[in-house]
Amino acid sequence: MTATAPATAPATASPRTARPGRRRVAVAGVALSDCGRVDGATPYALHAQAARRALADSGLDRSLVDGLASAGLGALAPVEVAEYLGLRPTWMDSTTVGGATWEVMAAHAADAIAAGRAKAVLLVYGSTARADVKARRRTSNLSFGTRGPLQFEAPYGHTLVAKYAMAARRHMHEYGTTLEQLAEVAVRARANAALNPEAMFRTPITVDEVLDGPMIADPFTKLHCCVRSDGGCAVLLVAEEYARDLAKPPVWILGGGEHASHTTMSEWEDFTVSPAAVSGRLAFERAGVTPADIDVAEIYDAFTYMTLVTLEDLGFCPKGEGGAYVADEAAVPFNTDGGGLSACHPGMRGLFLLVEAVRQLRGEAPGLQVRRADGSLPELALASATGGWFCSAATLVLGRA
């Protein structure tokens with residue numbers, strides 16, 4: 001099954017030709033590790049599995065890799081991961097800003113490659129979040145702790161899900177967004193997941209089923225919230241001179257943007273505006289394109305409200321109209337693999353967005369494959385991730401040309 005991207009407007013002047021002295025950067029290989037329910041593997045094993053698969057996908061030898069970006073594992077990430085993988089990188093990054101970590105690190109890696117500081121950077125992630133809870137090796141993390149500014153909120157029950165729920169309620173108050181519209185995000189995610197053999201949950205759901213589920217944090221019922229899964233993935237970025245040696249056509253990083261908004265809710269000026277409003281604007285400006293040019297969008301979706309408000313803030317629809325937009329068949333195809341709401345969500349999911357965006361541009365999506373109105377493959381894809389409770393955002397524009 002395919003989805004048809006909306007007709008696109010002509011792109012503005014595009015910097016797809018590198019500026020003098022800077023190399024273009026290609027996505028050379030992408031892969032997932034085993035995902036979903038993985039009880040017999042460690043997080044390190046999932047890192048290694050995803051890395052091997054991404055290298056195989058690229059057709060390049062591991063000896064080319066001189067950069068590593070990793071976060072979320074070990075006391076000295078990415079040093080411990082590099083040792084486990086048998087790599088000795090001369091460039092590394094362990095930036096951690098929640099779910100947006102990977103888009104931030106991909107942008108950092110692209111800058112390093114473009115400037116000649118690295119040839120090939122591997123971004124790799126693995127987590128057994130679900131298996132660890134099941135085996136009682138850890139508990140469910142409802143709070144990020146009580147140090148620093150968070151000490152003033154934690155006593156009042158400000159868990160992560162509660163913060164998103166408060167923001168959703170504010171959007172409902174300001175713009176008349178309904179529970180049914182929020183539920184439609186979950187329904188569409190599950191419809192996409194139903195076509196994806198790699199998705200963890202594939203049984204279709206209805207709006208009524210979303211609304212009738214157990215309450216987690218008003219207005220979010222269980223199906224408004226992401227799944228808890230195991231899994232990992234990897235993305236290999238390389239300098240343009242290696243693109244000719246790839247096993248598959250390259251996908252190019254055209255532009256990116258990032259933004260930090262707040263950490264305490266009292267410092268968030270407007271609950272209805274996410275930091276994607278800034279990261280998206282910067283990414284589009286640097287790529288030389290507009291939202292109307294994008295053929296497919298992969299949006300971080302730990303909760304249904306995240307998808308709705310991020311689509312607004314990226315400019316796919318006017319502010320306050322996200323509720324109607326997510327149910328519109330003319331909307332840009334989004335979260336085509338089923339997203340964190342249905343496909344997988346092992347923790348910091350941002351790297352999975354890049355994998356799916358690349359697969360869409362290559363025409364290799366395992367489930368729903370987007371095509372343009374003329375039947376051709378998508379030309380431009382967007383990956384936009386969120387960290388914390390809309391504390392940070394990072395957006396990347398990728399293209400085939």
Can a salt bridge be assigned to the pair Arg400 and Glu379 using a cut-off of 4.0 Å between side-chain N and carboxylate O?
-> yes
Between the main-chain N or O of Leu73 and the side-chain N or O of Glu80, is there a donor-acceptor pair closer than 3.5 Å?
-> no
Determine, for Glu83 against Arg88, whether the closest basic-nitrogen to carboxylate-oxygen distance falls under 4.0 angstrom.
-> no
Minimum-distance pair of heavy atoms, taken over all atoms of Ala120 and Val238 | CB-CG1, 3.8 Å
CA sep, side-chain torsions, deciding dist, call: His259, Thr395, side chain to side chain contact (heavy atoms under 4.5 Å, CB included) = CA-CA 9 Å; His259 179 56; Thr395 304; over 6 Å; no
Taking only residues two or more places apart in sequence or in another chain, which ones pass side chain to side chain contact (heavy atoms under 4.5 Å, CB included) with Leu282?
-> Val278, Glu285, Arg286
Arg359 side chain to Pro366 backbone, donor-acceptor under 3.5 Å = no
Could you give all pairs that pass the salt bridge (Lys or Arg N to Asp or Glu O under 4.0 Å) test and reach residues 316-337, with sequence neighbours left out?
-> Glu312-Lys319, Asp313-Lys319, Asp337-Arg349
In this structure, CE of Met200 is separated from SG of Cys226 (nearest 0.5 Å) by 11.0 Å
In this structure, OG1 of Thr221 is separated from CG of Leu211 (nearest 0.5 Å) by 6.5 Å
Glu153 side-chain N/O to Leu150 backbone N/O, donor-acceptor pair under 3.5 Å | no
Polar side chain donor-acceptor pair, Arg190 to Ser342, under 3.5 angstrom | yes
Please tell me if the side chains of Ile113 and Arg23 come closer than 4.5 Å, counting only heavy atoms from C-beta onward.
-> yes
For the residue pair Gln360 and Thr336, confirm or rule out a side-chain donor-acceptor distance under 3.5 Å.
-> yes
Taking the side chain from Asn335 and the backbone from Ile299, do they hold a donor-acceptor pair closer than 3.5 Å?
-> yes
Tyr305/His171 aromatic ring centres below 6.0 Å | yes
Enclosure of Met92 CE (heavy-atom neighbours >12, cutoff 6.0 Å) = no
Atom CD of Glu180 with >12 non-hydrogen neighbours under 6.0 angstrom | yes
Closest contact, heavy atoms only, Ala331 versus Arg188 | CB-NH1, 4.4 Å
Considering residues at least two apart in sequence or located in another chain, which fulfil the ring-ring contact (aromatic ring centres under 6.0 Å, His included) criterion with Phe201?
-> none
Set of side chain to side chain contact (heavy atoms under 4.5 Å, CB included) partners for Asp270, sequence neighbours left out | Thr272, Val273
Do any N or O atoms from the side chain of Ser33 and from the backbone of Gly232 form a donor-acceptor pair under 3.5 angstrom?
-> yes
Does Phe220 have any ring-ring contact (aromatic ring centres under 6.0 Å, His included) partners at least two apart in sequence or in another chain, and if so, which?
-> His224, Phe303
Leu160 and Gly388: which non-hydrogen atoms are nearest, and at how many Å?
-> CD1-O, 4.2 Å
For Trp268, the ring-ring contact (aromatic ring centres under 6.0 Å, His included) test, sequence neighbours excluded, returns His262, Phe271, Phe390
Kindly say whether Val30 contributes a backbone atom to a donor-acceptor pair with the side chain of Asp57 at under 3.5 angstrom?
-> yes
May I ask you to decide whether Arg372 forms a salt bridge with Asp295, counting only side-chain N to carboxylate O separations under 4.0 Å?
-> yes
Hey, mind stepping through Met348 and Thr96 against side chain to side chain contact (heavy atoms under 4.5 Å, CB included) and telling me if it holds?
-> CA-CA 9 Å; Met348 296 186 292; Thr96 303; 4.3 Å; yes
Asp111 side-chain N/O to His108 backbone N/O, donor-acceptor pair under 3.5 Å | no
Kindly indicate, with the supporting measurements, whether the criterion side chain to side chain contact (heavy atoms under 4.5 Å, CB included) is fulfilled by Trp102 and Val235.
-> CA-CA 10 Å; Trp102 304 101; Val235 172; over 6 Å; no
Excluding sequence neighbours, so at least two apart, what forms salt bridge (Lys or Arg N to Asp or Glu O under 4.0 Å) with Asp212?
-> none
Separation between OG1 (Thr264) and CD (Glu267), nearest 0.5 Å, reads 4.5 Å
For Ser94, which residues count as a side-chain hydrogen bond (donor to acceptor under 3.5 Å, both in side chains) partner, sequence neighbours excluded?
-> none
Partner residues of Ser127 under the side chain to side chain contact (heavy atoms under 4.5 Å, CB included) criterion, sequence neighbours left out | Tyr125, Ala129, Pro346
Return the set of residues passing side chain to side chain contact (heavy atoms under 4.5 Å, CB included) with Ala217 (not counting sequence neighbours), or none when no residue passes.
-> Val161, Ala165
Examine distances only and state if a side-chain atom of Asp66 and a backbone atom of Lys119 form a donor-acceptor pair shorter than 3.5 Å.
-> yes
Output yes when a side-chain donor or acceptor of Thr128 lies under 3.5 Å from a complementary backbone atom of Ala131, and no otherwise.
-> no
Residue pair Leu361 / Pro378: nearest heavy atoms and the distance that separates them = CD2-O, 3.4 Å
Which atoms form the tightest heavy-atom contact between Leu68 and Val121, and what is the distance?
-> N-CG1, 4.2 Å
So is Arg24 actually on top of Trp252's ring, under 6.0 Å and inside 45° of the axis?
-> yes
Side-chain donor or acceptor of Gln49 paired with backbone N/O of Asp34 under 3.5 Å | yes
Residues forming a side-chain hydrogen bond (donor to acceptor under 3.5 Å, both in side chains) with Glu364, sequence neighbours excluded | Lys248, Arg362
Kindly compute the distance separating OG (Ser58) from CG (Leu236), expressed to the nearest 0.5 Å.
-> 5.0 Å
Tyr300 meets the ring-ring contact (aromatic ring centres under 6.0 Å, His included) criterion, sequence neighbours left out, with His345
Contact summary for Ala71 and Ala77, nearest pair of heavy atoms = CA-CB, 4.4 Å
